[in-house]
2 protein chains.
Amino acid sequence: MEANPLIAALQASGHRITRQRRVVLEVLEGSQEHLDAEALYQKARQRSPRISLATVYRTVAVLKQMGLVAEYSLGEEHGHFETVTEAPHYHFTCLGCGQVVEFDAPQVVLAIQELAEREGLEVRAVQFSLTGYCVQCRAGGRDDR
Amino acid sequence: MEANPLIAALQASGHRITRQRRVVLEVLEGSQEHLDAEALYQKARQRSPRISLATVYRTVAVLKQMGLVAEYSLGEEHGHFETVTEAPHYHFTCLGCGQVVEFDAPQVVLAIQELAEREGLEVRAVQFSLTGYCVQCRAGGRDDR
DNA sequence: TTGTAAATGAGAATCATTTGCAATAACGCG
DNA sequence: CGCGTTATTGCAAATGATTCTCATTTACAA
Ligand SMILES: [Mn+2]
Ligand SMILES: [Mn+2]
Ligand SMILES: [Zn+2]
Ligand SMILES: [Zn+2]
């Protein structure tokens with residue numbers, strides 16, 4: 001009875017559907033970019049001006065523990081969020097222009113499975129991200145540091 | 001002329017060898033554990049009581065940019081440090097008992113090289129760590145969450 | 001329509017890390 | 001060895017990200 005599957009899932013798990021949760025979810029779904037809490041907050045407030053940053057954090061926290069949203073690091077001091085999709089993928093962030101390149105890495109997934117099996121580990125979370133310089137930034141001089 | 005190679009490298013790069021740098025380096029080298037800034041600070045202060053936390057941070061920062069020490073995340077909100085050795089290795093942290101399992105993963109290194117080549121990227125830093133439950137913690141009931 | 005518990009907003013609190021600045025100490029040189 | 005220059009330090013205040021407290025609002029089951 002609810003159009004949005006994310007909202008439906010939230011609802012199904014016994015959470016109340018508030019305007020702010022709906023908005024945060026919409027922003028998250030309607031963006032290809034990799035948003036951090038502040039960006040999410042700015043976008044959300046365009047639709048719901050009175051929303052607070054704390055609510056943004058609280059909302060992604062709920063979505064995270066439900067497995068609907070993933071938080072990951074792009075090498076910065078704060079987290080970024082993205083809705084969880086079928087295929088797992090990872091990120092490379094250019095230190096020059098900031099662009100994020102997404103890539104999939106089945107070999108990495110395999111390596112993890114092997115390790116887990118060999119050592120008897122139960123892997124709950126994987127953190128994998130790269131930083132460096134993209135083609136454009138490497139070309140355009142400024143090969144600093 | 002300097003016994004410790006790390007100290008020698010620091011010196012060679014034009015940095016002054018201070019008591020506190022020597023101490024931080026010694027603590028880092030003489031520990032198998034994965035120390036965070038606070039732990040490093042506590043251990044360092046046993047040898048040099050007046051050292052400050054700020055100096056610990058400043059020291060690891062210098063060592064990091066020289067490539068002598070690596071900072072990585074173990075899933076917590078703060079960083080951990082370890083001296084850089086020949087073979088790159090990664091970490092799995094048990095959410096139950098806190099133990100850290102180190103492992104090497106050539107497949108991951110390969111996957112990164114391939115990606116870099118294919119996309120023309122220059123990878124400067126790799127962040128790869130796992131969290132979950134170790135064999136002991138999985139066995140000993142408490143299969144919470 | 002109402003009661004009740006969940007969720008929110010605002011701001012204070014917390015944590016990790018960084019920074020400003022005056023005092024201290026390394027070390028190249030005479 | 002004794003100095004002078006300047007990097008480095010200690011301390012405290014500043015910052016940035018995220019969490020928490022608490023009074024107020026709101027979702028939603030009955
Ligand atoms: Mn992505
Ligand atoms: Mn290690
Ligand atoms: Zn770039
Ligand atoms: Zn364990």
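Since the structure is predicted, the reported quantities are computational estimates derived from the model, not experimental observations.
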Does B:Arg19 contact C:dA25 through a side-chain donor or acceptor facing the base, at a distance under 3.5 Å?
no
Problem - Salt-bridge criterion met for B:Lys43 and B:Glu38 (N-O under 4.0 Å) - result: no
Rounded to whole Å, CD1 of B:Ile17 lies from P of C:dC27 at a distance of 6 Å
Atom CG of B:Leu35 and atom C1' of C:dA16 are separated, to the nearest Å, by 16 Å
Task: Distance-only donor-acceptor check, side chains B:Thr59 and B:Gln20, under 3.5 Å - done: no
The nucleotide from D:dT9, D:dT8, D:dC11 with an atom nearest the side chain of B:Arg50 is D:dC11
Out of C:dT19, D:dT6, C:dA5, minimum distance to the side chain of B:Arg16 belongs to D:dT6
With a 4.5 Å heavy-atom cut-off, do B:Glu102 and B:Glu82 have their side chains touching?
yes
As a check of understanding: the bend across the helix from C:dT1-D:dA30 to C:dG30-D:dC1, end axes from five pairs, rounded to 10 degrees, works out to 30°
note: A:Ile51, atom CD1; D:dT25, atom P; distance rounded to Å ~ 18 Å
Side chain proximity check, A:His34 to A:Leu74, heavy atoms < 4.5 angstrom:
yes
Against the side chain of B:His78, the closest entry in D:dC28, C:dG9, C:dA16 is C:dA16
Whole-Å distance, A:His80 NE2 to D:dA17 P, equals 10 Å
ask   = Would you say a side-chain N or O of A:Gln20 is under 4.0 Å from OP1 or OP2 of D:dT26?
value = no
Residues A:Asp104 and A:His89: side-chain donor-acceptor under 3.5 angstrom:
no
Rounded to whole Å, CG of B:Leu53 lies from P of C:dT17 at a distance of 9 Å
Rounded to whole Å, OH of A:Tyr41 lies from P of C:dG11 at a distance of 10 Å
Closest to the 5' end of DNA chain C, once A:His15 and B:Ala54 are matched to their nearest nucleotides, is A:His15
(message) Using a distance-only criterion (donor-acceptor N/O pair, under 3.5 Å, no hydrogens), is the base of D:dT8 paired with the side chain of B:Arg21?
(response) no
message = When you measure from the side-chain N and O atoms of B:Tyr57 to the phosphate of C:dT18, is any distance below 4.0 Å, counting only OP1 and OP2?
response = no
With a 4.0 Å cutoff (strictly under), does any side-chain N or O of A:Thr18 reach OP1 or OP2 of C:dA6?
no
So OG1 of A:Thr18 and CZ of A:Arg21: to nearest 0.5 Å the spacing works out to 5.0 Å
When rounded to whole Å, the CD to P distance for the pair B:Glu38 and C:dT14 reads 16 Å
**Asked** Is there a donor and acceptor pair, one atom on the side chain of B:Arg58 and one on the base of D:dG10, closer than 3.5 Å?
**Response** yes
Taking D:dT8, C:dT8, C:dG9 as options, the one with an atom nearest any side-chain atom of A:Ser52 is C:dG9
Ranking C:dA5, C:dC27, D:dT18 by distance to the side chain of A:Glu71, first place goes to D:dT18
*Taking only the side-chain nitrogens and oxygens of A:Thr55, find out if one of them lies under 4.0 Å from OP1 or OP2 of C:dG9.*
yes
Assess the pair A:His91 and A:Tyr72: is the distance between their ring centroids shorter than 6.0 Å? yes
Atom CZ of B:Arg45 and atom P of D:dT9 are separated, to the nearest Å, by 16 Å
| B:Glu29-B:Asn4 side chain donor-acceptor pair, cut-off 3.5 Å | yes
